Amino acid sequence: MATANDHPDARSTSLQTSSVELFDHQWATYRAVLDSDLMGHRAITAATADALTSHLAQRSAAAAAPQMVDLGCGDLALLAPVLRQLPLGSYRGLDLTAAVLPLAQEALGNVGYRCDWQQADLLSWALESPANGAIDILHSCFAIHHLNGDQKQTFLRHARAKMAEGSLFLWADVFREPGESRDHYVNRYAERIRRHWPLNPERQEQIISHLSQFDHPADRDAIVAAAEATGWHWHWLWHGPHQAEALALLTPA
Ligand SMILES: C[S@@+](CC[C@H](N)C(=O)[O-])C[C@H]1O[C@@H](n2cnc3c(N)ncnc32)[C@H](O)[C@@H]1O
């Protein structure tokens, strides 16, 4: 006998419900990581704010208000207070996960510049949006490591073509030590989580499972060479204490 759940509409509603629950569960775990500052978000946010402030102070008063794009913006839990202070011309928050965009919009609130929100893959954005040299500030925090090595180089080449003269790209992420294999990185990060992260074992294993499947942190030296080969100048702004999290400032060479 058919039940209500056998109806196609009911099935799709129940699938949507379970993916919403899955998102809520995973995002709650990520928020627990942020709340305990386990990946250096506070230091990264402070260094990002400093870099943005000094960049904006050096801009000519006659220059048009800057256009900013944020790739993998998430819910803007930490960055929103920084963004609210910036004299931007526009801000675009882009994320693969549609569910974070209304959270980001709410966190940012009303600001005196145009905002738009785009559900998209950041590599597709790099490949498909116009290479018109119009971006003044590109930002990405803990998202680009989802691309593999070749994709990162493709991303860097195509993103470079979108940057305005005198622009900057702030890239916070996890990176491997020079010469370190991905397996070695995954094992030591998993060890760090199990030994030192004050989360229950279910949350710890959820994060380890995610990073084992999806994270492809760049080799620190190799990514500098790849960036320089695609027209960027690279400068490290901050390194976390675990040979993983770091923030780099890239400018057009
Ligand atoms: C670890 S969270 C970081 C969120 C925020 N930037 C922060 O630092 O708190 C990674 C974010 O990147 C997004 N993301 C992952 N892969 C992506 C991709 N290929 N394109 C765009 N966004 C992506 C995820 O949906 C998620 O919101």
Side-chain angles (χ1 to χ4, degrees), residues 19-20 22-49 51-52 68-83 91-108 115-129 135 137-156 158-159 162 169-175 189 193 197 199 203-204 206-218 237-238 240 242 244-248:
S19 71
V20 168
L22 183 63
F23 167 78
D24 285 348
H25 187 62
Q26 289 176 342
W27 206 254
T29 298
Y30 184 59
R31 291 307 307 267
V33 170
L34 251 78
D35 291 346
S36 299
D37 200 27
L38 301 174
M39 294 176 69
H41 280 83
R42 283 182 207 147
I44 289 169
T45 305
T48 299
L52 290 171
M68 175 166 177
V69 175
D70 190 0
L71 301 174
C73 61
D75 62 6
L76 291 185
L78 283 176
L79 201 63
V82 176
L83 294 177
Y91 170 84
R92 165 167 294 189
L94 177 148
D95 203 288
L96 193 58
T97 307
V100 300
L101 297 176
L103 302 178
Q105 186 170 11
E106 191 184 342
L108 187 57
C115 296
D116 68 80
W117 308 96
Q118 184 180 359
Q119 191 270 316
D121 167 55
L122 63 89
L123 180 58
S124 305
W125 169 85
L127 293 170
E128 290 160 18
S129 64
I135 298 175
I137 301 171
L138 185 62
H139 174 260
S140 185
C141 185
F142 294 125
I144 298 173
H145 66 266
H146 290 121
L147 305 182
N148 68 30
D150 289 346
Q151 290 172 331
K152 284 191 204 71
Q153 183 145 10
T154 303
F155 168 82
L156 285 168
H158 287 263
K162 301 176 200 306
F169 170 25
L170 286 164
W171 178 4
D173 218 329
V174 280
F175 297 89
Y189 209 109
I193 292 172
W197 283 20
L199 303 175
R203 284 206 156 144
Q204 290 182 345
Q206 184 190 340
I207 298 167
I208 291 166
S209 162
H210 174 94
L211 79 91
S212 309
Q213 290 177 73
F214 302 116
D215 286 13
H216 301 278
L237 283 181
W238 174 86
H242 303 289
E245 293 83 7
L247 171 65

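Everything quoted here is computed from the prediction, not taken from an experiment. Just so you know, ligand 1 is whichever comes first in the structure, and atom 1 is the first atom listed for that ligand.
Interface of D121 with ligand 1, defined as ligand atoms under 4.0 Å from a residue heavy atom, comprises 18 (C), 19 (N), 20 (N). Less than 4.0 angstrom separates some heavy atom of C141 from each of these atoms of ligand 1: 3 (C), 5 (C), 6 (N), 8 (O). The A143 neighbourhood of ligand 1 comprises atoms 12 (O), with distances under 4.0 Å to a heavy atom of that residue. Close approach of ligand 1 to C73 is summarised as follows: ligand atoms under 4.0 Å from at least one heavy atom of the residue are 5 (C), 6 (N).
Neither side chain, H216 nor N148, offers a donor N or O lying under 3.5 Å from an acceptor on the other.
If you look at S140 next to ligand 1, there are no close heavy atoms at all, none under 4.0 Å. Only the side chain of W27 comes within contact range of ligand 1, with a heavy atom under 4.0 Å; no backbone atom does. Looking at Y30 against ligand 1, only its side chain comes within 4.0 Å, counting heavy atoms.
Ligand 1 lies less than 4.0 angstrom from a heavy atom belonging to A120. Within the structure, ligand 1 lacks F155 among the residues with a heavy atom less than 4.0 angstrom away.
Of the candidates L94, D173, D95, it is D95 that places a heavy atom closest to atom 14 (N) of ligand 1.
The N/O atoms of L96, backbone and side chain alike, include one that comes under 3.5 Å of an N/O atom in ligand 1. Taking any N or O of L147, backbone or side chain, none lies under 3.5 Å from an N or O belonging to ligand 1.
Between Y30 and H41, the distance from one ring center to the other falls under 6.0 angstrom.
In this structure, I144 and K152 approach most closely via the heavy-atom pair O-CE, 3.8 Å.
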